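Everything on this sheet refers to the single structure shown next.
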Amino acid sequence: MLQQISLNSFWKFIIDDQDKGREQKWFENMPENMSDIWVPSCWNECSEEWFHYEGVAWYFRKFLYRKDPEIKRNVLFFNGVNYSCEVWMNGCFAGAHTGGFTPFEMDVTELIREDGENFVAVRVDSTMTDMTVPPMGVDWFNYGGIFREVYLQGTGASWLEDVFIVTSMNGEISIKLKAGGEQWNGTAKADCAQADGSNGSDSVMKLHITVDDPDAVKPVDDRWLDFGSKEFTAGLHLENAKLWSPETPFLYTFTLELTNDGKITDRWEHKIGVREFSIRDRKILLNGKPVQLMGYSKHEEYPMHARTFSYDIVRKDYELCKRSNANFIRMCHYPHHLKEYEIASEMGFIVMAEVPNVNFTKKQFEDRELLQNSINQTREMIRYYKNETCIMFWSLFIECRTSEDSAVESVPEYTKLVKQMDPTRFTIHASVIPLEDRTYEYFDIVGINYWSGWYYAESIEDGSKNLDRIASRYPDKPVVLTSGGWEGIYGYHSYQKREKWSEEEQSEYLENLIKMYMTKDYIVGAVIWTFNDFRVSPWVLSNNARWILRPMELNHKGVMDYFRRPKLSYYTMQKIYGQWSLRSEIKPLSGLPCKID
């Protein structure tokens, strides 16, 4: 972008529990008796009155816009609105979006008033049903609102609509671009790179690419290319490339500038690590070497902030994870804020990114409208997140009934789409019925949610035998334990009896669990559920009474409590992950990496 104007501020806000705002045209004239609310925030944390509210609410904001002759196109960019929304600019409908966790944008070039006041109205509906994605009844709290940032972004008449940078451990870089705006004709030419930085003739569209090493004075690559078609691929080679890994999370800065007649019409910049993922001999390889993944599942939730991002707080979470010898985070159960992935990349974490396809049954798998909504959210996740270095896995389903015929028919549509959009990463799903699952063949990795002991009347030994049975069915696929844990309430101790819910019982179970995992060569990664305690929704009965599903409306499976106070299990995991890491000093495997289809 060339210009970004923040619309984060106090907005006017009103609950619309009768859903009368559209009929009364609040998008033209604000109603009375409104409150002030900060954007971004979750309305449930802004007032005790709204603490459990799920439904419709409206946001309103007025702002001045001064004309800039370089800006020819303006879009409203929302980082996240839960769950669905409709947007109006100056009384005119700008667009709608469904999906609470993916960014989206709306072109308002024709609606904006230059050198004048503008009025934005947003109707938000956080209601979950059996046919939303995720459906109602998921085991986390449904925070509502404009909970991530809002911007007005400007470009010239031509812009970079999509950028995908693919790296290889040999330093080969592929830059895949798609442009928007003017009519594109001709064929892109990649043979006109000029090392001196000159742009030659200004009569054609050109692309200026620079790659900066933060430890170097000059760019390690600086070139101009003719840009003659709407879709364009450029290649470059970084000599002696510094590779990204959990031990050395080195990031280059890639800057792309699209120019027309010598004027910049759009600019894109991102920090990216040079790395390559592959599978060989049932191991996951990073830069040609096997890597053992040890980590936690983590919801996007923080005291007082709820689901709203705070850079310092999130970074502190990752520092705590790093101190416990973790190198792997499952960002459950939806796309988190983009900047959290940037933090993970900077700190050397490998990440599993997920779409909120949770608890699908036959009913959901057979509904084409719901599946299309789900596929749209998958597309948006990959579109906006595919340049995040840390992401190794696209996780597509969570605890769904993947034994159903309708699931077997639907799942290949997702895995095919993901491989078309991004063939460089692995596909996985977190199955809670692994012995019954009929879709593992479509995924690169066997993902297993392991709950023997807590939910099921099985011992760890019984669960171990089941893992062997599952692994034997897919002898060429690595296995990742995508969930597994035990609830322990912070401060509740049981030193001798080892009562359930005590810190001691949680700690002992997790230690025995990881020790069992360590005996199995086919297990290449495991995440403990979870890093921190998190809020859950109470069950609502037919008379609108609320039945508390868990003590204090919290899931207590965290090794940290809700306020990031460490439980005994945190220090146990620090010790046991350290042992697993020492046992995983793996030498490079022979042969070439296999292709990830």
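Please read these numbers as outputs of a predicted model, since none were measured by experiment.
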Can you confirm whether the side chains of [X] and [Y] place a donor and an acceptor under 3.5 Å from each other?
X      : Y      : value
His556 : Tyr562 : no
Trp58  : Asp16  : yes
His52  : Glu553 : yes
Asn376 : Glu380 : no
Glu369 : Asn373 : no
Glu340 : Tyr318 : yes
Asp36  : Trp11  : no
Tyr385 : Thr102 : no
Asn142 : Asn82  : yes
Ser310 : Asp312 : no
Tyr296 : Ser324 : yes
Asn357 : Ser374 : yes
Asn449 : Thr482 : yes

Item to check | Candidate pair Asn532 and Arg564, rule side chain to side chain contact (heavy atoms under 4.5 Å, CB included), full reasoning | outcome: CA-CA 7 Å; Asn532 60 275; Arg564 278 45 173 188; 3.3 Å; yes
Is it true that [X] and [Y] make a salt bridge, defined as a side-chain N closer than 4.0 Å to a carboxylate O?
X      : Y      : answer
Asp533 : Arg565 : no
Glu269 : Arg267 : yes
Lys230 : Glu161 : no
Asp213 : Lys242 : yes
Asp19  : Arg123 : yes

Which of parallel (below 30°), tilted (30 to 60°) and perpendicular (above 60°) describes [X] and [Y]?
X      : Y      : result
Phe397 : Phe443 : perpendicular
Phe77  : Tyr384 : perpendicular
His97  : Phe104 : parallel
Phe426 : Phe277 : tilted

Checklist entry - Out of Arg307, Glu300, Glu149, which residue meets the side-chain hydrogen bond (donor to acceptor under 3.5 Å, both in side chains) rule with His337? => result Glu149
Checklist entry - In this structure, are over 12 heavy atoms from other groups packed under 6.0 Å from Glu110 atom CD? => result no
Checklist entry - Is the number of heavy atoms from other residues, nucleotides or ligands within 6.0 Å of CD (Gln4) greater than 12? => result yes
Looking at [atom1] of [X] and [atom2] of [Y], how far apart are the two atoms once the value is rounded to the nearest 0.5 Å?
X      : Y      : atom1 : atom2 : result
Lys67  : Ile112 : NZ    : CD1   : 12.0 Å
His336 : Glu301 : NE2   : CD    : 10.5 Å
Met352 : Glu354 : CE    : CD    : 6.5 Å
Phe250 : Ile272 : CZ    : CD1   : 13.0 Å
Lys271 : Asp212 : NZ    : CG    : 11.0 Å
Met106 : Trp88  : CE    : CH2   : 9.5 Å

Next on the checklist: Let's go through Arg383 and Glu388 carefully: what are the C-alpha distance in whole Å and the side-chain angles of both, what is the deciding distance for salt bridge (Lys or Arg N to Asp or Glu O under 4.0 Å) to 0.1 Å, and is it a yes or a no?
Outcome noted: CA-CA 11 Å; Arg383 176 189 175 186; Glu388 303 307 326; over 6 Å; no
Next on the checklist: Walk me through whether Tyr65 and Glu114 qualify under side chain to side chain contact (heavy atoms under 4.5 Å, CB included).
Outcome noted: CA-CA 6 Å; Tyr65 178 74; Glu114 297 182 335; 3.9 Å; yes
Which heavy atom of [X] sits nearest to which heavy atom of [Y], and what is that distance?
X      : Y      : result
Ala344 : Cys390 : CB-SG, 3.9 Å
Cys46  : Ser41  : SG-OG, 3.4 Å
Trp50  : Ile15  : NE1-CG1, 3.6 Å
Tyr151 : Ser6   : CD2-CA, 3.6 Å

Checklist entry - Does the side chain to side chain contact (heavy atoms under 4.5 Å, CB included) test come out yes or no for Val536 and Leu554, once each step is laid out? => result CA-CA 5 Å; Val536 297; Leu554 292 173; 5.9 Å; no
Are [X] and [Y] in a cation-pi contact, defined as NZ or CZ under 6.0 Å from the six-membered ring centre and within 45° of the axis?
X      : Y      : answer
Arg535 : Phe51  : yes
Lys12  : Phe60  : no
Arg73  : Trp159 : yes
Lys322 : Phe349 : yes

Side chain of [X], backbone of [Y]: donor and acceptor closer than 3.5 Å?
X      : Y      : answer
Lys20  : Asp17  : no
Tyr570 : Cys321 : no
Thr427 : Thr415 : no

Next on the checklist: For Phe534 and Trp140, I'd like to know if the aromatic rings sit close, meaning centre-to-centre distance below 6.0 Å.
Outcome noted: no
Next on the checklist: Under the criterion side chain to side chain contact (heavy atoms under 4.5 Å, CB included), I'd like the reasoning laid out for Leu256 against His270: C-alpha separation, chi angles, the key distance, then a yes or no.
Outcome noted: CA-CA 9 Å; Leu256 280 61; His270 203 65; over 6 Å; no
Checklist entry - Just wondering, do Met392 and Leu293 contact through their side chains at under 4.5 Å, heavy atoms? => result yes
Checklist entry - If we only count heavy atoms from C-beta on, is the Trp394 to His429 side-chain gap below 4.5 Å? => result no
Checklist entry - Looking at Arg379, Lys178, Lys386, Lys176, which one forms a salt bridge (Lys or Arg N to Asp or Glu O under 4.0 Å) with Asp162? => result Lys386
